[in-house]
Protein chains: 2
Amino acid sequence: MGVGRPRNFDRDTALDQAMEVFWRHGYEGATIAQLTDAMGINPPSLYAAFGSKEALLKAALDRYTLRGEAWMAEVLSAPTAREVTSRMLMGVAEKQTDPSNPPGCLLVQGGLACGSGSANVPFELAARRAKTEEQLRHRFERAKEEGDLADSADPAALARYVSAVITGMSVMASSGADREALTQVAVVAIKAIEDQSVRS
Amino acid sequence: MGVGRPRNFDRDTALDQAMEVFWRHGYEGATIAQLTDAMGINPPSLYAAFGSKEALLKAALDRYTLRGEAWMAEVLSAPTAREVTSRMLMGVAEKQTDPSNPPGCLLVQGGLACGSGSANVPFELAARRAKTEEQLRHRFERAKEEGDLADSADPAALARYVSAVITGMSVMASSGADREALTQVAVVAIKAIEDQSVRS
DNA sequence: CCAAATTTGTAGTGCTCGCTACAAATGTGG
DNA sequence: CCACATTTGTAGCGAGCACTACAAATTTGG
């Protein structure tokens, strides 16, 4: 099997370091020098292991998604649309101000607008953000079938709304808002969903 | 007065072109070559008139703010907090999908995360976003005094909330959401404010 | 202990970046 | 018509970018 000199770094650990650099500086703002520095490797090792700066970003995004999957499953398993939204937004307020990570969300901080050479990075990030919205939409569709959301409710619109609030909170976090500020936003935002819930 | 060769471009017109480039590509993604191209001038003219790339951005931001001031005044002049929020969010849905501009909001697209050399650009943008939030907060404080918002309402939290929704809508717009999608978000978002309004 | 395979560290590559030196062009005041 | 002041266009500066050629180092298979 393993013929040749073995690599002396762990791929996933290095990826975590790269993730943090992209998170803090964005795709374009992150330089290969910063990345290799944080990852503790040299450029040839980076390119041998990941292929290119953009491929490294995608690998980091995959890992970012993976990291949140368990939490996301728990959020979606809440019994009602209101409770799903509450867990979601409260969790976001907490996670986006977790001091062990850069503030905000990598899928937003990574880059909304890029130079002509990296034009597809914003698309890539948008596509990944859309997945969360889609998961919420499916969950809200179920909530409507279960009679938990009002018949007049529009699951797609509600999912878009929650997704927009999450993104807004993410931007606020990245510009220094603390956990209390984000929690306040979450509390207000949940009221809009309560409004469309069938009271018990 | 005018001694020396006169410049043969209009400062504000050039600024509008620069604004569009920053809006579409972000601060870091916009190159001097793209900017001078769009502005129809050469680099020395740009630097003589504006000083640096970052100073050009600030001048463009000033103009961006100026451009929205009349609309903002009209929004804030609405009679109730609910109506202010409605005009605000509906207007945002419209403006951020106006095909005569790049989608989204320059204060977000300009850059949330930057490389180490442009670290203060995100701060500059955040400070300008905060001004809108502050205007909303003052308006909501007045609404509370006027008995239009419930005694239990927190004007600062509501302003933060509306500001977050605006930012979220802006990101959605920049990644291709159409006017209808944004309007749906606005409609849902307004319900959270209605919830804290004193019914008539 | 040698040959093949792979990674590592050094030291660059060509390119594009923001920015500017310089001289020609174009205006005003005397 | 002549200084003088300012802008313009050309051409290119040093720096930093993503990326890589290359040789030394380190492993396994025979």
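Bear in mind the structure is a predicted one, so any value in this text is a computation, not a measurement. Just the heavy atoms: all of them, side chains too, but no hydrogens, waters or symmetry mates, feed the values below. Below, chains carry the letters A, B, ... as their sequence lines are ordered, and counting in each starts from 1.
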Could you encode protein contacts along nucleotides 16-25 of chain D as a string, one character per nucleotide from 5' to 3', using B for base contact, S for sugar-phosphate-only contact and - for no contact, with a heavy-atom cut-off of under 4.0 Å?
-> -SSBBB---B

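- With sequence neighbours excluded, no residue satisfies side-chain contact (heavy atoms from CB on, under 4.5 Å) with A:Ala130.
- For A:Tyr47, the ring-ring contact (aromatic ring centres under 6.0 Å, His included) criterion is met by no residue, not counting sequence neighbours.
- Residue pairs meeting the salt bridge (Lys or Arg N to Asp or Glu O under 4.0 Å) criterion with at least one partner in residues 42-52 of chain B, sequence neighbours excluded, are absent.
- Residue pairs meeting the salt bridge (Lys or Arg N to Asp or Glu O under 4.0 Å) criterion with at least one partner in residues 142-158 of chain A, sequence neighbours excluded, are A:Arg142-A:Glu146.
- Atoms CG (B:Asn42) and P (C:dC19) sit 16 Å apart, rounded to a whole Å.
- Sorted by first and then second residue, the salt bridge (Lys or Arg N to Asp or Glu O under 4.0 Å) pairs involving residues 97-115 of chain B (not counting sequence neighbours) form an empty list.
- Contacts between residues 7-22 of chain B and DNA chain C, defined by a heavy-atom separation under 4.0 Å, are absent.
- Interface residues of residues 107-127 of chain B facing DNA chain C, ordered by number: none; criterion, heavy-atom separation under 4.0 Å.
- Taking a cutoff of 4.0 Å between a charged side-chain nitrogen and a carboxylate oxygen, B:Arg137 and B:Glu133 do not qualify as a salt bridge.
- Residue pairs that meet the salt bridge (Lys or Arg N to Asp or Glu O under 4.0 Å) test with at least one member in residues 15-26 of chain A, sequence neighbours left out, are A:Asp16-A:Arg63, A:Glu20-A:Arg24.
- At least one side-chain nitrogen or oxygen of B:Ser45 sits closer than 4.0 Å to the OP1 or OP2 atom of D:dT8.
- The ring-ring contact (aromatic ring centres under 6.0 Å, His included) check on B:Phe140 picks up nothing, with sequence neighbours excluded.
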Atom pairs and distances, donor-acceptor, side-chain atoms in residues 109-123 of chain B, under 3.5 Å, two or more places apart:
from     : atom 1 : to       : atom 2 : distance (Å)
B:Gln109 : NE2    : B:Ser174 : OG     : 3.0
B:Ser116 : OG     : A:Gln34  : NE2    : 3.0
B:Asn120 : ND2    : B:Glu54  : OE2    : 2.6

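- Counting only residues at least two apart or on different chains, the ring-ring contact (aromatic ring centres under 6.0 Å, His included) pairs with a member in residues 51-84 of chain B are B:Trp23-B:Tyr64.
- In this entry the distance linking CZ of A:Phe50 with P of C:dT8 reads 11 Å, nearest Å.
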